[in-house]
Amino acid sequence: YHTLKRIEETNTRTGRLYLKIYDLEHDFLLSASAVAEVCSSHIRNFHSPLETGQSSHLGRIKQEVNSYLEHISAILLEEPHITDKSYNKVMTAKTSILHSLENFLDAQTKGIREEEYNSRNSMLNFNLVFELRAMVAIAARFIKLYKRDDSANGSPTEPGSTLGAPPLN
């Protein structure tokens with residue numbers, strides 16, 4: 001609210017951009033909160049731990065997602081503008097992670113059919129995959145938004161800037 005009030009009246013583009021960023025942050029935080037809640041609930045209710053196959057597959061996905069999010073964070077904080085190379089690298093990583101998540105769902109489904117995995121662990125994994133998929137897509141939308149703004153601006157933004165918007169206080 002206060003940030004929007006400080007944006008010059010004639011600069012509606014910056015106001016819209018700020019709201020888009022806020023919307024993406026909100027969506028990302030909702031998914032992150034859902035991940036925390038589903039895991040906490042699983043632990044609070046003393047559900048059995050994940051099977052070895054589930055745990056190792058999920059661990060690999062966690063590493064991929066962490067690396068992806070760290071890369072996006074570095075781009076947004078350090079690059080003066082989103083290069084085609086950076087953009088393509090993010091989109092390739094996004095596709096790879098989404099493919100890994102789909103493979104995990106396939107393995108989970110197979111484990112259910114073969115009665116290797118119980119229902120509570122399966123529901124935990126399904127919820128994790130769905131929220132991680134959303135978080136990966138949202139993170140890519142940040143890059144797309146900044147790339148689009150760079151293109152519309154015709155000039156690069158400063159590293160770590162909020163695309164002409166006042167600081168988020």
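Since the model is a prediction, treat every value here as computed from it, not as a measurement.
Two residues are said to be in side-chain contact when any heavy atoms from C-beta on lie closer than 4.5 Å; I112 and S119 fail this criterion. Residues Y87 and T83 fail the side-chain proximity criterion, which asks for heavy atoms closer than 4.5 Å. A heavy-atom distance below 4.5 Å is found between the side chains of K62 and N66.
A 6.0 Å sphere centred on CD of E114 holds more than 12 heavy atoms belonging to other residues, nucleotides or ligands.
For the atom pair D84 CG and K89 NZ, the distance stands at 15.0 Å (nearest 0.5 Å). Of the inter-residue distances, the one linking D27 atom CG with I138 atom CD1 reads 4.5 Å to the nearest 0.5 angstrom. Distance check, rounded to the nearest 0.5 Å: OG of S56 to CD of E51 gives 11.0 Å. Here the straight-line distance linking atom CD of E37 with atom OG of S40 works out to 6.0 Å at 0.5 Å rounding. Taken to the nearest 0.5 Å, the CD atom of Q108 stands 4.5 Å off from the CG atom of N125. Within the model, atoms CG of L24 and CD1 of I143 stand 11.0 Å from one another, a figure rounded to the nearest 0.5 Å.
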May I have the step-by-step check of side chain to side chain contact (heavy atoms under 4.5 Å, CB included) for L98 and L101, ending in yes or no? CA-CA 5 Å; L98 294 178; L101 290 169; 4.2 Å; yes
Give the intermediate values and the outcome of side chain to side chain contact (heavy atoms under 4.5 Å, CB included) for residues V65 and M135. CA-CA 9 Å; V65 171; M135 292 169 74; 6.0 Å; no
Could you check L69 against F28 for side chain to side chain contact (heavy atoms under 4.5 Å, CB included), going step by step and ending with a plain yes or no? CA-CA 12 Å; L69 294 176; F28 192 88; 4.1 Å; yes
What do the steps show when you test L105 against F130 for side chain to side chain contact (heavy atoms under 4.5 Å, CB included), and what is the final call? CA-CA 10 Å; L105 286 177; F130 299 148; 4.2 Å; yes
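Listed for the N127 side chain is no donor-acceptor partner under 3.5 Å among the backbone atoms of V35. At distances below 3.5 Å, at least one donor-acceptor pair connects side-chain atoms of S100 with backbone N or O atoms of S96. Under the 3.5 Å distance criterion, the side-chain polar atoms of D23 are left unmatched by any main-chain donor or acceptor of L19. With hydrogens and angles ignored, the 3.5 Å screen pairs no side-chain donor or acceptor of D149 with any backbone N or O of L145.
The pair E79-K147 fails the salt-bridge criterion, with no side-chain N (NZ, NE, NH1 or NH2) lying under 4.0 Å from an Asp/Glu carboxylate O. Electrostatic pairing of R133 and E102 counts as a salt bridge here, judged by a charged N lying under 4.0 Å from a carboxylate O.
In the hydrophobic clustering of this structure, M123 groups with L132; members are Ile, Leu, Val, Met, Phe, Trp, Tyr whose side-chain heavy atoms approach within less than 4.5 Å, directly or through other members. The hydrophobic cluster containing L76 also contains M91, counting ILVMFWY residues as joined when their side-chain heavy atoms lie under 4.5 angstrom apart, directly or transitively.
For I75 against S86, the heavy-atom pair with the smallest separation is CD1-CB, 3.8 Å. In terms of heavy atoms, F104 sits closest to Q54 at CE1-O, 3.9 Å. Here the shortest heavy-atom pairing between L50 and N121 reads CA-ND2, 3.6 Å. S48 and H42 make their closest contact through O-NE2, 3.0 Å (heavy atoms, listed as atom of the first residue, atom of the second, distance). Here the closest heavy-atom approach between residue A107 and residue Y117 is recorded as O-CE1, 3.8 Å. Heavy-atom minimum distance, A137 versus K94: CA-CE, 4.3 Å.
Ring pair Y146/F142 is tilted by interplanar angle, where 30° to 60° counts as tilted.
A donor-acceptor pair shorter than 3.5 Å cannot be found between the side chains of N118 and H47. A donor atom on one side chain and an acceptor atom on the other are not found under 3.5 Å apart for T95 and T92. Using modelled atom types, one finds a donor on one side chain and an acceptor on the other under 3.5 Å when comparing S41 with N45.
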